[in-house]
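Below, chains carry the letters A, B, ... as their sequence lines are ordered, and counting in each starts from 1.
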Amino acid sequence: MKIGVCVKQVPAKDAPLAIVDGGAWIRESDIGFETNEPDSFALEESLRLKEKHGGEVVAISMGPDRAKQTIKEALAKGADRGIHIADDQFFKLDPLSSARSIAAAIKDEKFDLLLTGLQSDDQGFGQTGVLLAELLGLPHATIIMQIDIVEGHMKLKRELEAGWFQWVELPLPAVLSIQSGINKPRYATLKGIMAAKKKEIATIHRASLGVADAPTQRIERIYIPQKTKKTEFITGQPKEVAAKLIEKLKHEARVL
Amino acid sequence: MKILLITEQREGKWNKVSFETLAAAQQIVQQTKGSLTAVVLGKGVAPLADEIAAYQLDELLLVEHDLLEKYTPDGFSLTLRQVIEFATPDLVLLPHTYQVRDYAPKLAASLGKGMIGDCIHYRYENGKLVFVRQMFQGRTNADVVFAGDAPWIATFQASAFRADLATKHASGKAPVKPVSVHLKPEQIRTKPLELFREAKQAVDLTQAPILISIGRGIKAPENIPMVEKLAKLIGGEICASRPICDEGWLPMDRQIGSSGQTVAPKLYLALGISGAIQHVVGMKGSRTVAAINKDQNAPIFEVADYGIVGDLFEVVPALIEELEKGH
């Protein structure tokens, strides 16, 4: 089974976010980046499917040169090769243009299964998997909590809202968006890290894909939201703030 | 602006976010002096169509087909593509539900259009709609606008608008127009099977008057007993944001947020929770919210009455000490 998995590189969760003047994007120069956490669940699931059914896992990432690090981490965990769709201005792409670019870059791979995480922790549009399915003419399912593959088709457990789930059947090939928490992502081993050095990463420049520059939406401005609720901040040493908070909860809010 | 509102039901029951999106749609129609058409789709859903036609709408489109009885992304997007081509709206609005996120991007792409999803707000300025959505897990907002020609497709997050502000129809009821669509069984590649719930929920967090909730800031499962001790002293139940349950540090039934439980306790104490919208929708009805977080820009402070910017590993032991002193 040939499995493609989309992994995105995003600002590290604890990175301090500063917004560039004019609000076009965040200041990327002084922050760390990491693999988008929801994508690590998709990667883990693809590695487990390969271990069970055989085949190959290809890690796909779009972004500037640094995005290769995310592919390298996937290779160190057990992916077989990588595809880097290089674009320094990736952050400006709207979801449809991103998906069109990925679809153009991988259409000849003819994956049996293409996995994505649920959404990215930066822009968080949460559309890539569904869009790829439409653009590649494949069926899809999202928010997947379990994958059972039996003779060319899949039985999938989808999470619905408010504690409900649903089983659905889907033929292969298909695109699945994986729900976070479906598995426990592995860590790369030293052996894996060494082995990854010999694995291939193909670089495709996005500009060479012939995807028309036709944005459907544009981020005008990013900003720190204005507060809607008046928060009373309690300051001081830990002992002081603890005493003050309890006092306020007891006598002001009267909830203790 | 000509607006098409797609409502959501499952097995004849509304997804209530439909009415919140209806309120938003009515508001945009008023500001843009436009028109509003709503869509109800499914099988045997005429009673639901009548219910929504009682609201201020210009028209209701009732789309029924045997193949729409159960949701499938193929069935719904093929159907709604035909409805959009029939109704020729400028703006298509949907509630941002799990079902919508499963098919709406596909629907948009099949029309060659984009979708701005998960909006929390909009502004109408200089004759243009600006949609506001969160990015970086709620740490920033973003103003997003459509580029290119209509139709544009946007979805609104749960509790972004108040359903009770949706206005009823001025003269009784909007006309209900049945619309037929072409759909063949072989076009539907997903086979939907049974809906089910996992094991009965052991704790009913919705009934707890005090909740102490932990997020990523708790760092490791070894730190949870400290919070349990605090919960015991304060008479509260312990709960968490999604990543904590994903890690298995607390059972899934203690998860608060869009994929977990929605609660409105007397006191919600958030420890090391950043406050991503998916979490906040599950707790923002709480009477009093107190939050401890080391990041002063954490969005949890947006909804907090009391905020402490600090290290929870220093503040929580101090709270425990203070409470023990009082006993």
*Atom group of A/Ile219 that falls short of 4.5 Å from chain B, counting heavy atoms*: both

*Taking every heavy-atom pair that is under 4.5 Å apart, which of A/His153, A/Arg218, A/Arg254, A/Lys239 has the most such pairs with chain B?*
A/Arg218

*Is chain A contacted by the side chain of B/Asp149, its backbone, both, or neither, given a heavy-atom distance below 4.5 Å?*
neither

*Any chance the rings of B/Phe301 and A/Phe233 have centres within less than 6.0 Å?*
yes

*Contacting region of B/Lys113 [heavy-atom separation from chain A under 4.5 Å]*: backbone

*asked:* Heavy-atom cut-off 4.5 Å, strictly under: side chain, backbone, both or neither for A/Lys155 against chain B?
replied: side chain

*Go through the atoms of A/Leu249 and report whether side chain, backbone, both or neither lie under 4.5 Å from a heavy atom of chain B.*
side chain

_Angle between ring planes, B/Phe76 versus B/Tyr71, binned at 30° and 60°: parallel, tilted or perpendicular?_
perpendicular

*asked:* Using a 4.5 Å heavy-atom cutoff, which residues in residues 21-46 of chain A come close to chain B?
replied: A/Trp25, A/Ile26, A/Glu37

*With a 4.5 angstrom heavy-atom cut-off, which part of A/Glu240 approaches chain B: side chain, backbone, both or neither?*
neither

*Check whether A/His140 gets within reach of chain B through its side chain, its backbone, both or neither, counting any heavy atom under 4.5 Å.*
both

*Please flag which part of B/Thr262 lies under 4.5 Å from any non-hydrogen atom of chain A: side chain, backbone, both or neither.*
neither

*So which part of B/Tyr268 gets closer than 4.5 Å to some heavy atom of chain A, the side chain, the backbone, both or neither?*
neither

*Using non-hydrogen atoms only, which part of A/Asp94 is less than 4.5 Å away from chain B: side chain, backbone, both, or neither?*
neither

*Check whether B/Ile210 gets within reach of chain A through its side chain, its backbone, both or neither, counting any heavy atom under 4.5 Å.*
side chain

*Go through the atoms of A/Ala141 and report whether side chain, backbone, both or neither lie under 4.5 Å from a heavy atom of chain B.*
backbone

_Under 4.5 Å from any heavy atom of chain B, what part of A/Leu160 do you find: side chain, backbone, both or neither?_
both

*Please look at A/Ala253 and chain B and tell me whether the side chain, the backbone, both or neither of the residue comes under 4.5 angstrom of a heavy atom of that chain.*
both

*A/Leu96 versus chain B, the contacting section by heavy-atom distance below 4.5 Å*: side chain

*For A/Lys184, is it the side chain, the backbone, both, or neither that has a heavy atom closer than 4.5 Å to a heavy atom of chain B?*
side chain

*Which residue out of A/Arg100, A/Lys244, A/Gln237, A/Glu252 racks up the most heavy-atom pairs below 4.5 Å with chain B?*
A/Glu252

*Residue A/Leu132 versus chain B: region with a heavy atom under 4.5 Å*: neither

*With a 4.5 angstrom heavy-atom cut-off, which part of A/Pro16 approaches chain B: side chain, backbone, both or neither?*
backbone

